[in-house]
Student: 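Take a look at this one; I'll ask things after.
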Amino acid sequence: MSFHYKSLFVSGMALFCIAILIALFTTWDATLSHILVYSPSDYDVPLVKAISKIGSFTIITPLTLLLGGWLWFKKRAYEAIWVLITMGSCRIVFTLLKLAVGRARPIFDEPLTHAISYSFPSGHSVNSLAFLFVCYFIFDQKRSMLILCILGSLLIGWSRLALGAHWCSDVLAGWGGGLMWVSLAYQAKVSIPLQNYINQYLPRQ
């Protein structure tokens with residue numbers, strides 16, 4: 001079967017590779033970080049923190065559970081399971097990648113956030129992008145929804161740079177990883193013939 005949404009996967013792989021090249025072979029990370037980072041005196045710091053919070057584990061996880069529960073209630077059990085597996089596995093895989101890479105976060109004289117985990121890739125960027133595109137696949141695969149997913153991902157990624165929580169390559173890798181993961185998950189959803197089997201034992205659509 002041909003790969004559905006191949007362009008998403010290819011775009012994700014390209015972003016991830018560019019992130020690695022920037023991190024290993026250029027000084028762009030340090031340069032861009034000092035350009036984009038906010039000062040504590042900037043008036044819109046609370047707004048930036050609020051945007052960043054949307055992409056956090058404490059927000060994405062309840063949203064994932066709510067989406068899965070809503071799909072189950074609507075007797076779309078197969079999609080509910082797909083949502084939970086996609087987002088849960090995304091969290092696990094990229095957390096393990098963080099631990100394996102072990103990259104330290106940028107340090108500033110006046111930090112606006114105090115993250116304790118490793119930096120590469122950005123978990124906020126991975127998980128928020130994955131969740132937004134999961135919603136895209138579940139609800140309405142139209143251009144307007146795709147634009148909303150892209151803008152939301154860009155805003156959350158930018159907020160992590162503005163707060164000084166990540167290097168630029170961390171955010172790029174997060175976007176790339178999220179795109180690859182959710183496109184692979186969608187391909188698995190439409191390619192592996194599990195829906196009829198699952199619907200024998202779970203509520204039908």
Side-chain angles (χ1 to χ4, degrees), residues 4-20 22-23 28-29 32-33 35-38 44 47-67 82-84 86-95 97-98 105-106 112-113 115 117 119-187 189:
H4 288 72
Y5 295 91
K6 183 184 293 184
S7 60
L8 286 183
F9 182 83
V10 172
S11 298
M13 180 176 290
L15 282 173
F16 200 88
C17 291
I18 290 170
I20 293 174
I22 289 174
W28 294 359
D29 265 338
L32 290 172
S33 291
I35 291 173
L36 295 172
V37 70
Y38 270 43
D44 52 346
L47 175 62
V48 177
K49 289 185 175 181
I51 293 172
S52 175
K53 185 69 174 179
I54 295 171
S56 68
F57 178 72
T58 55
I59 298 297
I60 295 296
T61 299
L63 289 177
T64 299
L65 295 174
L66 283 173
L67 177 58
W82 177 77
V83 167
L84 296 177
T86 298
M87 293 303 301
S89 59
C90 180
R91 173 72 180 181
I92 292 170
V93 167
F94 287 99
T95 297
L97 180 58
K98 272 180 177 282
R105 293 178 183 266
L112 296 174
T113 187
S117 62
S119 190
F120 185 96
S122 165
H124 283 63
S125 299
V126 170
N127 293 309
S128 60
L129 184 145
F131 180 77
L132 287 169
F133 274 89
V134 161
C135 291
Y136 167 75
F137 290 132
I138 289 293
F139 290 115
D140 185 7
Q141 296 178 34
K142 292 185 178 180
R143 180 171 296 181
S144 58
M145 185 65 181
L146 180 61
I147 292 172
L148 181 63
C149 291
I150 293 172
L151 290 177
S153 300
L154 288 174
L155 273 175
I156 291 172
W158 162 77
S159 73
R160 301 305 287 164
L161 296 174
L163 293 176
H166 283 286
W167 305 104
C168 181
S169 57
D170 300 335
V171 173
L172 289 177
W175 289 335
L179 283 174
M180 286 191 290
W181 194 260
V182 78
S183 59
L184 286 172
Y186 182 77
Q187 176 65 13
K189 176 178 180 288

Student: CH2/Trp181 to OG1/Thr86 distance, rounded to the nearest 0.5 angstrom?
Tutor: 9.0 Å
Student: Are side-chain heavy atoms of Pro121 and Leu97 found at a separation under 4.5 Å?
Tutor: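 Side chain of Pro121 against side chain of Leu97, heavy atoms only: contact under 4.5 Å found.
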Student: Test Leu84 against Thr64 for side chain to side chain contact (heavy atoms under 4.5 Å, CB included), laying out the working first.
Tutor: CA-CA 7 Å; Leu84 296 177; Thr64 299; 4.0 Å; yes
Student: OG/Ser169 to CD1/Ile18 distance, rounded to the nearest 0.5 angstrom?
Tutor: 11.5 Å
Student: With a 4.5 Å cut-off on side-chain heavy atoms, are Leu179 and Phe9 touching?
Tutor: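 Contact flag for Phe9/Leu179 side chains = no.
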Student: By the definition side-chain contact (heavy atoms from CB on, under 4.5 Å), identify the one residue from Ser33, Ser125, Ser119 that meets it with Asp170.
Tutor: Ser119
Student: Could you label the plane-to-plane angle of the Phe137 and Tyr186 rings as parallel, tilted or perpendicular, counting under 30° as parallel and over 60° as perpendicular?
Tutor: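 Geometry flag for Tyr186 against Phe137: parallel rings.
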Student: Rounded at 0.5 Å granularity, tell me how far CE in Met180 sits from CH2 in Trp175.
Tutor: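 Spacing of CE (Met180) from CH2 (Trp175) equals 14.5 Å.
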Student: Would Asn127 and Phe57 count as a side chain to side chain contact (heavy atoms under 4.5 Å, CB included) if you check the C-alpha gap in whole Å, the side-chain angles of each, and the deciding distance to 0.1 Å?
Tutor: CA-CA 8 Å; Asn127 293 309; Phe57 178 72; 5.7 Å; no
Student: With rounding to the nearest 0.5 angstrom, report the OG to CZ distance, Ser11 to Phe16.
Tutor: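 Reported to 0.5 Å precision, the distance equals 15.0 Å.
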Student: State whether a side-chain donor-acceptor pair under 3.5 Å links Ser122 with Arg160.
Tutor: no
Student: Strictly distance-based, threshold 3.5 Å: is any side-chain N or O of Ser153 a donor or acceptor partner for the main-chain N or O of Cys149?
Tutor: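 Side chain of Ser153 to backbone of Cys149: a pair is present.
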Student: Any luck finding a side-chain donor-acceptor pair between Ser117 and Arg105 under 3.5 Å?
Tutor: yes
Student: For Trp167, does its backbone N or O pair with a side-chain atom of Asp29 as donor and acceptor, under 3.5 Å?
Tutor: no
Student: Looking at Ile156, is its backbone amide N or carbonyl O close enough to the side chain of Ser159 to form a donor-acceptor pair, meaning the two atoms are under 3.5 Å apart?
Tutor: yes
Student: From Leu129 CG over to Phe133 CZ, what is the distance, rounded to the nearest 0.5 angstrom?
Tutor: 5.0 Å
